[in-house]
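Data first, discussion second: the structure below is written as structure tokens.
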Amino acid sequence: MEKKDLWQALADLSGTRADNAKPRSTGCTMVIDKGLGLSAYQDLLQLSGEYIDFIKLAFGTAAITPRHILEQKITLAKQYQIQLYLGGTFFEIACSRHKVNEYFQMLRHLKLDWIEISDGTITIPAKTRFQLIQQARRANLHVITEIGKKENGYHPTVAEFVSLFEQDRQAGAAYVIMESRDSGKNIGMYDHDGNLDQDFLEKLAERIPIQYVIWEAPQVKQQAQLIKRLGNYVNLGNIQACDVISLESLRRGLRADTFSLFQFPTGN
Ligand SMILES: O=C(O)[C@H](CS(=O)(=O)O)OP(=O)(O)O
């Protein structure tokens with residue numbers, strides 16, 4: 001086999017998805033960066049940057065990352081057409097210290113175009129949340145909001161989620177995240193073993209346009225379940241750096257869990 005035929009043979013088996021090209025609005029993958037060193041970050045982007053749409057610098061790590069490394073992470077993300085943004089807790093810290101305007105300015109100076117607005121650890125009245133989203137939009141930031149609380153055992157009802165989702169979208173949020181933290185256990189739509197509450201998902205999917213939701217799914221079994229139920233265009237978040245390329249395999253039916261979903265007739 002000649003080399004060009006070899007690459008063609010691999011490409012033919014790679015599966016496809018219609019939203020392959022960036023910038024994508026569906027089938028997005030959001031990676032949680034919990035403190036990758038620059039080499040690991042570069043490796044990640046080199047190997048699987050094509051499959052990443054968002055990177056979240058989690059837990060306020062941006063504030064304690066050496067400045068030159070933070071700057072390089074931002075620059076590299078842009079090169080790969082990845083939107084890098086800071087985790088919601090960091091916004092909540094600024095909010096609780098009455099420094100929201102400074103926070104918006106800081107993002108603009110860092111050349112970050114996206115912001116996450118959440119109230120996982122603090123309480124923000126619905127009206128204030130609405131105004132904060134509008135304020136961020138006026139500051140030329142694209143907004144991702146998050147619904148959910150950080151405390152273990154917190155599971156929003158379908159009605160709560162739908163109501164806040166609609167309000168956030170009306171205020172100008174591009175996406176709404178379903179909170180599941182880094183563990184994906186005993187929180188949001190997962191039980192203490194990380195199993196998905198299928199009933200909750202079904203009811204939610206009937207009531208909201210799911211292309212605007214990013215489902216946090218840190219565990220591989222959660223990613224597989226969501227793809228099986230909602231399709232490979234589902235937006236998934238809190239993906240560990242080491243799981244990005246295998247998630248893309250899942251989306252394309254190249255892994256046993258989703259094999260039967262996306263196979264095309266070969267004609268043989
Ligand atoms: O970075 C954060 O603030 C958290 C981290 S985790 O997802 O809860 O582990 O994320 P966020 O979803 O942005 O609140």
Side-chain angles (χ1 to χ4, degrees), residues 28-36 41 44 52-65 69-70 73-74 77 82-97 99-100 103-104 106-107 110 112-124 128-129 132-133 136 141-156 160-161 164-165 168 171 173-192 194 196 204 212-220 222-223 226 234-244 247:
C28 294
T29 292
M30 177 264 276
V31 172
I32 179 167
D33 177 349
K34 297 181 280 187
L36 291 173
Y41 184 90
L44 171 70
I52 302 172
D53 303 277
F54 295 99
I55 294 179
K56 170 174 76 182
L57 298 186
F59 320 133
T61 50
I64 49 175
T65 298
I69 294 184
L70 177 63
K73 282 190 172 185
I74 294 169
I82 293 169
Q83 303 301 336
L84 187 139
Y85 71 95
L86 311 185
T89 311
F90 204 32
F91 163 79
E92 292 175 41
I93 289 167
C95 194
S96 61
R97 293 185 190 168
K99 297 221 178 281
V100 168
Y103 189 78
F104 289 163
M106 179 193 79
L107 297 185
L110 283 170
L112 297 177
D113 299 323
W114 288 74
I115 184 173
E116 181 181 323
I117 292 182
S118 60
D119 59 356
T121 44
I122 61 173
T123 302
I124 301 181
T128 311
R129 181 177 169 115
L132 283 166
I133 298 167
L141 290 160
H142 299 285
V143 178
I144 303 180
T145 60
E146 184 175 62
I147 298 178
K149 293 287 173 191
K150 298 278 183 223
E151 68 216 43
N152 268 343
Y154 182 84
H155 305 281
E160 278 165 358
F161 192 99
L164 211 45
F165 171 90
D168 287 1
Y175 293 101
V176 178
I177 294 175
M178 174 74 189
E179 168 75 89
S180 302
R181 301 208 66 180
D182 184 30
S183 66
K185 284 185 183 173
N186 199 20
I187 192 155
M189 56 181 181
Y190 304 116
D191 71 10
H192 56 279
L196 178 64
L204 207 52
Y212 303 120
V213 179
I214 300 177
W215 313 88
E216 287 190 342
Q219 298 184 26
V220 172
Q222 297 166 347
Q223 296 156 23
L226 285 162
V234 65
N235 303 313
L236 297 173
N238 273 10
I239 306 303
Q240 313 290 332
C242 60
D243 288 335
V244 174
L247 168 58

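Atoms within a ligand are numbered from 1 in the order they appear, just like the ligands themselves. Worth knowing before you read on, the calculation uses all heavy atoms, side chains too, and leaves out hydrogens, waters and symmetry mates.
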**OP:** Please identify each residue that fulfils salt bridge (Lys or Arg N to Asp or Glu O under 4.0 Å) with Asp182, with sequence neighbours left out.
**Re:**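 So Asp182 forms a salt bridge (Lys or Arg N to Asp or Glu O under 4.0 Å) with Lys34.
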Subject >> Set of residues satisfying salt bridge (Lys or Arg N to Asp or Glu O under 4.0 Å) with respect to Lys73, sequence neighbours excluded >> reply: Asp33
**OP:** Describe, in one word, how the ring planes of Tyr212 and Phe165 are oriented to each other, choosing from parallel (under 30°), tilted (30 to 60°) and perpendicular (over 60°).
**Re:**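 Answer is tilted, since the angle falls between 30° and 60°.
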Original post:
ring-ring contact (aromatic ring centres under 6.0 Å, His included) with Phe90: which residues, sequence neighbours excluded?
Top reply: Tyr103
**OP:** Answer yes or no: is there a donor N or O on one side and an acceptor on the other, between the side chain of Lys150 and the main chain of Ser180, under 3.5 Å?
**Re:** no
Subject >> Every residue of the protein that comes under 4.0 Å of ligand 1, judged on heavy atoms >> reply: Ile32, Lys56, Ala58, Phe59, Gly87, Gly88, Thr89, Glu116, Glu146, Lys150, Glu179, Arg181, Asp182, Glu216, Asn238
Subject >> Separation of Asn238 CG from Met30 CE (nearest 0.5 Å) >> reply: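 Answer rounded to 0.5 Å: 4.5 Å.
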